[in-house]
2 protein chains.
Amino acid sequence: MKRQTRQRQAIRDVIRAVDRPLAPQEVLAEAGRHVRGLGIATVYRTINALVEEGEVTRVEIPGQPTRYEKAGLDHHHHFCCDGCGKVYELDGCALRSTVPTPEGFTVARHEITLYGQCLQCRSA
Amino acid sequence: MKRQTRQRQAIRDVIRAVDRPLAPQEVLAEAGRHVRGLGIATVYRTINALVEEGEVTRVEIPGQPTRYEKAGLDHHHHFCCDGCGKVYELDGCALRSTVPTPEGFTVARHEITLYGQCLQCRSA
DNA sequence: ATAGGTGCAAACAGTTTGCATGTAT
DNA sequence: ATACATGCAAACTGTTTGCACCTAT
């Protein structure tokens with residue numbers, strides 16, 4: 001990641017601008033509107049570089065393609081709508097302080113994903 | 001799932017016998033020792049059928065192939081070792097009763113995955 | 001006998017990689 | 001000028017599917 005290019009600008013900007021985690025395809029669709037002929041490989045390469053640099057974080061939703069969001073947000077988790085598949089940010093962390101783990105296991109991090117119906121899908 | 005076959009027996013048995021969620025490849029490896037020439041497609045088809053029937057549940061670990069375990073276990077979650085990649089069962093649920101979700105969202109279920117080092121990997 | 005299951009290979013989606021071309025520096 | 005980035009296509013993994021053959025019922 002030593003050079004500044006139009007494609008990297010665009011990809012960075014898209015992730016910075018949106019307030020929900022995006023899948024690579026979504027990034028391609030959006031950034032591709034600013035850079036003609038943008039390739040999916042470049043999106044992956046750039047996203048991975050941004051993750052390395054700590055500017056972007058990976059959001060893994062079980063059973064879904066990996067998504068990415070800007071780093072530095074407060075610790076939080078995600079809500080995945082069973083209806084439309086959209087992933088929303090949730091504020092805070094609902095994990096109890098006491099987490100029962102087997103003897104001698106070390107917990108480094110955790111993921112919590114809630115599933116259900118978002119407002120729109122619920123009304124529909 | 002109307003017929004009883006050797007391959008289905010074997011696949012079912014493997015999942016019933018093991019006390020951790022297995023990836024399809026692991027099921028193939030194990031069940032394949034009892035049924036010569038067992039194919040991965042059959043494993044997938046059978047597993048999916050068992051999930052339909054409610055005899056097996058899907059365990060989705062972010063960033064890992066889907067795993068499967070016997071259904072009917074008490075509500076619990078999983079621990080994924082960053083070292084060896086093994087997935088362990090955790091007893092109980094460390095989610096707080098109060099889970100903050102956006103207005104009007106309905107939560108149907110949740111997944112919690114802890115990551116870290118298991119005992120062996122920690123000592124190594 | 002025959003509906004249903006199996007194995008194989010092809011097809012797919014998501015992701016990574018090799019390579020020739022293009023470009024920021 | 002040149003090292004680094006891009007785009008394309010090929011390769012790879014996990015999963016599904018089409019189809020001819022096989023088998024539990």
Side-chain angles (χ1 to χ4, degrees), chain A residues 1-15 21-53 55-69 78 80 85-87 111 113, chain B residues 1-15 21-53 55-69 78 80 85-87 111 113:
Chain A
M1 203 73 169
K2 309 186 173 174
R3 287 180 196 181
Q4 183 91 332
T5 65
R6 285 171 306 132
Q7 16 282 86
R8 282 176 186 179
Q9 288 282 22
I11 292 168
R12 213 181 216 126
D13 290 348
V14 168
I15 296 176
L22 297 176
Q25 287 296 347
E26 299 179 285
V27 174
L28 175 65
E30 202 52 33
R33 305 200 310 161
H34 303 286
V35 181
R36 36 97 219 213
L38 178 62
I40 188 68
T42 298
V43 172
Y44 275 105
R45 278 188 281 233
T46 303
I47 284 176
N48 285 333
L50 290 171
V51 169
E52 291 285 289
E53 291 178 12
E55 190 173 328
V56 161
T57 42
R58 232 178 277 273
V59 175
E60 321 231 38
I61 305 294
Q64 295 249 332
T66 306
R67 292 165 189 258
Y68 300 86
E69 72 184 358
H78 300 91
C80 179
K86 258 192 208 146
V87 175
E111 297 272 356
T113 310
Chain B
M1 203 75 169
K2 309 186 171 175
R3 288 180 193 180
Q4 182 92 330
T5 64
R6 286 171 305 130
Q7 18 280 89
R8 282 176 186 179
Q9 287 283 22
I11 292 168
R12 212 181 215 124
D13 290 350
V14 167
I15 295 175
L22 296 176
Q25 286 296 347
E26 297 179 286
V27 174
L28 175 65
E30 201 52 34
R33 304 198 311 161
H34 303 286
V35 181
R36 37 98 219 210
L38 178 61
I40 187 69
T42 298
V43 172
Y44 276 104
R45 279 188 281 234
T46 303
I47 285 177
N48 286 333
L50 290 172
V51 169
E52 293 284 288
E53 290 178 12
E55 190 174 328
V56 161
T57 42
R58 233 178 275 275
V59 176
E60 321 231 40
I61 304 294
Q64 294 249 331
T66 306
R67 292 165 189 260
Y68 301 85
E69 70 184 358
H78 300 91
C80 178
K86 256 191 207 146
V87 175
E111 297 273 356
T113 311

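Protein chains get the first letters and strands the later ones, always in sequence-line order, with residue 1 at the start of each.
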Legend entry - base_contact_polar (D:dA5 base, A:Arg8 side chain, donor-acceptor, <3.5 Å): no
Inset, instruction - To the nearest 10°, let me know how far the axis at one end of the helix from C:dA1-D:dT25 to C:dT25-D:dA1 is tilted from the axis at the other, five pairs an end. - result: 20°
Using whole Å, what does the distance between atom [atom2] of nucleotide [N] and atom [atom1] of [X] come to?
{"X": "B:Met1", "N": "D:dA24", "atom1": "CE", "atom2": "P", "answer": "15 Å"}
{"X": "A:Gln4", "N": "D:dA5", "atom1": "CD", "atom2": "C1'", "answer": "13 Å"}
{"X": "B:Glu26", "N": "D:dT15", "atom1": "CD", "atom2": "P", "answer": "11 Å"}
{"X": "B:Ile47", "N": "D:dG14", "atom1": "CD1", "atom2": "P", "answer": "13 Å"}
{"X": "B:Lys2", "N": "D:dA24", "atom1": "NZ", "atom2": "C1'", "answer": "14 Å"}
{"X": "A:Leu28", "N": "C:dG14", "atom1": "CG", "atom2": "P", "answer": "12 Å"}

Inset, instruction - With rounding to the nearest 0.5 Å, note down the distance linking OG1 in B:Thr66 to CD in B:Glu60. - result: 4.5 Å
Legend entry - Whether over 12 other heavy atoms sit under 6.0 Å from A:Glu52 CD: no
Using side-chain heavy atoms (C-beta onward) and a distance below 4.5 Å, is [X] in contact with [Y]?
{"X": "B:Cys80", "Y": "B:Gln64", "value": "yes"}
{"X": "B:Ile11", "Y": "B:Glu30", "value": "no"}
{"X": "B:Glu69", "Y": "B:His78", "value": "yes"}
{"X": "B:Glu26", "Y": "B:Arg67", "value": "yes"}
{"X": "B:Tyr68", "Y": "B:Asn48", "value": "yes"}
{"X": "A:Ile47", "Y": "A:Ile15", "value": "yes"}

Inset, instruction - Mark yes or no for whether A:Arg8, through its side chain, and A:Arg3, through its backbone, hold a donor-acceptor pair below 3.5 Å. - result: yes
Inset, instruction - For A:Arg45, answer base if it contacts any base atom (sugar-phosphate contacts may also be present), sugar-phosphate if it contacts only those atoms, and nothing otherwise; contact means non-hydrogen atoms under 4.0 Å. - result: base
Legend entry - Interface residues of residues 36-43 of chain A with DNA chain D (non-hydrogen, below 4.0 angstrom): A:Gly37, A:Leu38, A:Gly39, A:Ala41, A:Thr42
Inset, instruction - Please tell me which of B:Gln64 and B:Arg6 maps to the more 5' nucleotide of DNA chain D, matching each residue to the nucleotide holding its nearest heavy atom. - result: B:Gln64
Inset, instruction - Could you check which of D:dT2, C:dA3, D:dG7 has an atom nearest any side-chain atom of B:Arg3? - result: C:dA3
Legend entry - Candidates C:dG14, D:dT25, D:dT6 - which lies nearest the side chain of A:Tyr44: C:dG14
Has [X] got a side-chain N or O lying under 4.0 Å from the OP1 or OP2 atom of [N]?
{"X": "B:Thr66", "N": "D:dT15", "value": "yes"}
{"X": "A:Gln7", "N": "D:dG7", "value": "yes"}
{"X": "A:Thr46", "N": "D:dA5", "value": "no"}

